[in-house]
Protein chains: 2
Amino acid sequence: MLTATKGLTMVIKGEGQVSRARGRPRLFDRTAALDRAMRVFWDRGYEGATFDELIAVMGLSPSSFYNAFGSKEALYREAVGAYLTGPGGFFPKALAGGGPAKDAFARLMMATAAAYTDDVGPAGCMISLAGLHDAPDRADLRDFMREVREGSRTLMIERLNEGVRNGDLSEGIDVAQIAEFFETVSRGMAVRARDGADRRTLEKIGAMALDAWPGVPS
Amino acid sequence: MLTATKGLTMVIKGEGQVSRARGRPRLFDRTAALDRAMRVFWDRGYEGATFDELIAVMGLSPSSFYNAFGSKEALYREAVGAYLTGPGGFFPKALAGGGPAKDAFARLMMATAAAYTDDVGPAGCMISLAGLHDAPDRADLRDFMREVREGSRTLMIERLNEGVRNGDLSEGIDVAQIAEFFETVSRGMAVRARDGADRRTLEKIGAMALDAWPGVPS
DNA sequence: CTATTTATGGAGTATCTACTCCATAAAGAT
DNA sequence: ATCTTTATGGAGTAGATACTCCATAAATAG
């Protein structure tokens with residue numbers, strides 16, 4: 001007889017009390033299963049990740065899978081969230097630090113080079129290259145991924161605006177343009193990482209991108 | 001009764017003579033069918049382009065398709081060739097012109113921005129984003145696409161070496177590094193085009209990338 | 001205790017996807 | 001005319017893919 005030590009479904013009750021949920025407790029760790037699925041999607045993309053492979057790495061039967069996650073698409077959306085708060089966390093973290101905006105973007109480029117090539121997960125980025133070639137009936141997923149990518153550009157813009165407020169970027173500067181450029185370099189680095197480019201190569205690309213920083217001689 | 005006016009199969013004979021091939025002539029224009037298939041692959045990627053959609057736009061029955069093209073994968077490889085000599089022709093063309101290497105890369109960036117956003121075909125590039133998320137049993141296609149991408153980087157390197165020979169780039173310069181950078185920007189522009197970035201946006205990204213050109217104050 | 005709720009095991013399935021088969025048609029070769 | 005070669009029409013198919021069903025198990029609620 002199995003005992004569920006990690007997969008206990010907890011429920012936050014009204015007055016802050018925590019109790020076990022009703023019904024039979026699940027026998028697997030939902031968070032761990034999601035993490036494994038996320039890595040398959042990261043490596044294979046949405047279409048490339050087959051249902052059988054997903055439930056295999058998650059260690060689930062079809063019924064347990066559908067009971068816990070609903071559908072392949074719902075799982076994918078959750079997996080994107082898990083990526084953003086997990087392996088993708090380098091992105092907001094690198095931007096968040098203090099100092100001039102250019103320093104933040106230098107950190108971002110170096111962190112991107114590292115994250116796209118480390119052995120924590122597949123090469124490249126789960127966000128940059130997903131949902132780009134889907135059939136018309138998957139327009140919703142495509143839109144979703146575009147919005148996620150737009151979110152990272154928004155983070156860049158906000159950090160650049162902070163630089164304008166702090167005086168390290170001039171008032172009239174086109175922050176959207178700078179964000180577009182660095183987003184483009186990031187997406188391109190994801191392609192290069194998929195094709196096998198190593199960390200040092202990506203770091204040099206990132207350093208060169210910084211040479212395009214406005215108003216600074218190289 | 002149909003007559004085959006454009007799809008006649010010609011054969012180049014030994015002494016330069018041209019004669020019709022043996023067997024029943026095909027009733028469709030192979031080149032035109034390939035071109036239509038290429039655009040579907042361009043838009044959907046390899047996996048996203050279904051067999052039924054391909055033969056529908058090509059106007060072929062399954063038997064005519066297999067007789068003429070062999071398999072979906074063989075068709076794809078031919079379609080990549082058709083892209084490279086067709087819509088992808090802007091790439092070697094922009095690099096080929098005379099003048100300093102930097103001018104050639106400026107032309108390349110502007111031509112890329114135009115090609116990725118014109119209404120001749122789907123947004124973006126057929127080469128940049130294909131074969132990046134395939135299952136292990138499609139490793140051959142993935143390798144093929146990586147080699148095609150490597151080919152474009154090689155063209156860049158050759159053009160940069162020409163600049164070194166012509167004296168517009170200094171002797172010790174890292175041409176591979178510059179090529180890596182501009183390839184990365186190109187691949188990233190393909191992602192941005194897929195997400196809806198317009199020509200002007202891509203042109204500004206390309207112009208900013210040129211600001212990273214070595215040894216030149218922005 | 002019974003009722004209710006949630007999870008699981010395991011077999012089953014509609015649809016799609018890329019491909020195959022074969023009888024027939026239309027050309028050149030002899 | 002006959003043979004060979006290549007193309008076509010149209011039905012058919014093995015395997016994969018994402019998903020469903022249902023009987024049963026294990027928890028809480030009352």
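Just so it is clear: chains get the letters A, B, ... in the order the sequence lines come, proteins before strands, and each one is counted from 1.
- For B:R22, taking side-chain heavy atoms from C-beta onward, the closest of the listed nucleotides C:dA29, D:dA26, C:dA26 is C:dA29.
- Whole-Å rounding puts the A:I55 CD1 to D:dT20 C1' distance at 13 Å.
- Rounded to whole Å, atom P of C:dT17 lies 10 Å from atom CD of B:E53.
- Under the 3.5 Å distance criterion, with hydrogens and angles disregarded, no donor-acceptor pair is assigned to the side chains of B:N67 and B:S64.
- Using a 4.5 Å heavy-atom threshold, the side chains of B:I127 and B:F91 count as separate.
- Under the 6.0 Å distance and 45° angle rule, B:K72 counts as a cation-pi partner of B:Y46.
- Summarising the geometry, the separation between CG on B:D52 and P on D:dG10 is reported as 16 Å, rounded to the nearest angstrom.
- Between the side chains of B:R77 and B:S71, no donor-acceptor pair of N or O atoms lies under 3.5 Å.
- Residues A:S128 and A:R187 have side chains that bring a donor and an acceptor to within less than 3.5 angstrom of each other.
- Between A:F144 and A:Y76, the distance from one ring center to the other does not fall under 6.0 angstrom.
- Rounded to whole angstrom, the span from the CG atom of A:D137 across to the C1' atom of C:dT17 amounts to 14 Å.
- Looking at residues two or more places apart in sequence or on another chain, you find a side-chain contact (heavy atoms from CB on, under 4.5 Å) between A:D118 and A:V120.
- The nearest whole Å value for the distance from the CZ atom in A:R24 to the C1' atom in D:dA29 is 19 Å.
- Regarding A:L54, its CG atom lies at a distance of 14 Å from the C1' atom of D:dA16, rounded to whole Å.
- Near-neighbour residues of DNA chain C inside residues 33-49 of chain A, defined by a heavy atom below 4.0 Å, are absent.
- A:R30 places its CZ atom 11 Å from the P atom of C:dT8, with the value rounded to the nearest Å.
- For the pair A:L75 CG and D:dT17 P, the interatomic distance rounds to 16 Å; values are reported in whole Å.
- Considering only side-chain N and O atoms, B:R26 lies under 4.0 angstrom from the phosphate OP1 or OP2 of D:dA7.
- Applying the 6.0 Å contact sphere to CZ of B:R36 captures no more than 12 heavy atoms from other residues, nucleotides or ligands.
- Not less than 6.0 angstrom separates the ring centroid of A:F181 from the ring centroid of A:W213.
- Proximity of residues 57-73 of chain A to DNA chain D (heavy atom under 4.0 angstrom from any strand atom) is restricted to A:P62, A:S63, A:Y66, A:K72.
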